[in-house]
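One structure below.
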Number of protein chains: 2
Amino acid sequence: MSEKIIKALKNAAIEKKNRQDYFNIAVSVDCVIFGYDNDELYVLLMQSDLEEFQGLNSLLGDLVKPNEDLTEASFRILWERTGLQNVYLEQVHTFGKINRHPSGRVITTAYFSLIDMQHQQLNIAEHQLNWYPVRKVKRLAFDHLEILQLCLHQLQQKVMERPVVFHLLPPLFSLRELQSVFEAILGIELDRRNFRKKIAIKDWIIDTNTLEKEVNHRPGKLYKLKAGLVNNFRPYQ
Amino acid sequence: MSEKIIKALKNAAIEKKNRQDYFNIAVSVDCVIFGYDNDELYVLLMQSDLEEFQGLNSLLGDLVKPNEDLTEASFRILWERTGLQNVYLEQVHTFGKINRHPSGRVITTAYFSLIDMQHQQLNIAEHQLNWYPVRKVKRLAFDHLEILQLCLHQLQQKVMERPVVFHLLPPLFSLRELQSVFEAILGIELDRRNFRKKIAIKDWIIDTNTLEKEVNHRPGKLYKLKAGLVNNFRPYQ
DNA sequence: ATACAAATATGTACTAAAAACACATTAATT
DNA sequence: AATTAATGTGTTTTTAGTACATATTTGTAT
């Protein structure tokens, strides 16, 4: 982007008519909010009440405000719709097809977010949000299914390389739970012994010398994430 | 994105005043165009004639038109500025900081592109474009240095996994040239024997049973990319 | 024509990582 | 005390990656 834009913008500031030609694409963000519970990966969706998409669910999204960073907009959405702060967010892709939105030209930047749905208390009811198992989601409004699939794919790519899955778990977790999260995300079964070896090498977690409670079998050791490994947080306010 | 946007858009269509609140972010694309020549990775840059960035170079970019896909916009820029069609393009990231552009709110989606700068004939002169060795680029206008670095990083991540480097080479190339491209992108030296083994396993290239010409030493065999491996092309018109 | 220089071409031994696989241990339940 | 259902750990095998040396081909200089 360069002098061509500069001229366009300066002209736009002067000639109101021209302005319409350059400022007529709306910008939104959409959040794919992943959660994990009981060996299953979930995504948080809302009912679309748009005629065109009657009965379909959609991702949580909103237009970006003029004085708002893209990332800020995503944090705001999470805050407004779920009451959550300090959430892990990662940009994935920007979708820009001309007719992707029935009501006008809207480009959207997709983020995915990982939250501990078991222990974070969400204000789900008041915004008609619900958790759905990712593998059962077959249709969504807009191009949101494509967005969901790409975000899942990106998560799958990343999950063994970077310590991100811990955002889906409570602060203390067993190796069994950790393995289940990986299996839910990757959609495959893993060998327990090899998995533990791999995790040990990564040096992501610390043995807390405490044990699971309230399980009806031999309790597993509880681990926590090593400090200083995660920095992609940002509170909304 | 959902009913909230719908309402906003429908209101916007009716109330002109409101419209300004939603359609006041400009959208641009910026292209990081990589080329390769003589053991060096280059990037195509233009002079910024914006006062704020006097004497600095910038990437090639432009505002996205209301009736234009993001990808189309990138292909258009490449076509308009270089005369090239059938170029490899890949979206990398969208940059949305509020003050990233001195003349107004502009979010930009970055793409990188790989072209064969030795054999494609570019209309470089007429738009004051020049090739610069990537490793020597220390400053750019706007946030373009950050964009360049992220695109390079993404290219580095991708290069061993997917057959993309071939876009930087002519249709026939020697293993020596191929290795040099990898070395230029990754910024490290590779062992010739191990490199060849790795490439052989990937099954990306075919021996054409022809030899290099006009080299003042023993000529190497020429190879070509296997058919059907590349599908991310799109002509602009 | 011969020797030399500069590149291509290729194979093997060693090391590290990944995959396959089995048995002992703990705590709750009966 | 025996049973059940999980946790916890180690070894072998296979695969992939790294380090490394010599023969071959062509052009050039003598």
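In what follows, chains are A, B, ... by sequence order, proteins preceding strands, each numbered from 1. Side chains are part of it too, since the values below use all heavy atoms of this structure and drop only hydrogens, waters and symmetry mates.
- Taking the nucleotide of DNA chain D with the nearest heavy atom to each of A/Glu212 and B/Leu211, the more 5' of the two is matched to A/Glu212.
- In this structure, A/Lys198 reaches the C/dA19 phosphate: one of its side-chain N or O atoms is under 4.0 Å from OP1 or OP2.
- In this structure, B/His217 atom NE2 and D/dA29 atom C1' are separated by 18 Å, rounded to whole Å.
- Here the P atom of nucleotide D/dG10 and the CZ atom of A/Arg193 are 13 Å apart, to the nearest Å.
- Listed nucleotides: D/dT24, D/dT11, D/dC20. Nearest to the side chain of B/Arg218: D/dT24.
- Atom CZ of B/Phe195 is separated from atom P of C/dA9 by 12 Å (rounded to the nearest Å).
- Between A/Arg196 and D/dG8 there is a side-chain polar atom (N or O) within less than 4.0 angstrom of OP1 or OP2.
- The distance from atom NZ of A/Lys213 to atom P of D/dT7 is 17 Å, rounded to the nearest whole Å.
- One can place CG of B/Leu222 at 12 Å from C1' of C/dT8, the figure rounded to the nearest angstrom.
- In terms of modelled atom types and a separation under 3.5 Å, the side chain of A/Gln118 and the main chain of A/Pro170 share no donor-acceptor contact.
- Between the side chain of B/Arg192 and the base of C/dA9 there is at least one donor-acceptor pair of N/O atoms closer than 3.5 Å.
- At a threshold of 4.0 angstrom between heavy atoms, the contacts of A/Lys197 include nucleobase atoms, whether or not backbone atoms are also involved.
- Side chain of A/Lys202 to main chain of A/Met160: a donor-acceptor pair is present (N/O by atom type, distance under 3.5 Å, no hydrogens or angles).
- Going from atom NZ of B/Lys221 over to atom P of C/dA9 covers 6 Å, rounded to whole Å.
- B/Tyr42 and B/Glu40 share no side-chain donor-acceptor pair at under 3.5 Å.
- Contact check on A/Glu90 versus A/Lys158 returns a salt bridge, with a Lys/Arg side-chain nitrogen under 4.0 Å from an Asp/Glu carboxylate oxygen.
- Taking atom CD on A/Glu177 and atom P on D/dA6, their separation rounds to 14 Å, with Å as the unit.
- At a cut-off of 3.5 angstrom, counting only N and O atoms as typed in the model, there is no donor on one side facing an acceptor on the other between the side-chain of A/Asn216 and the base of D/dA6.
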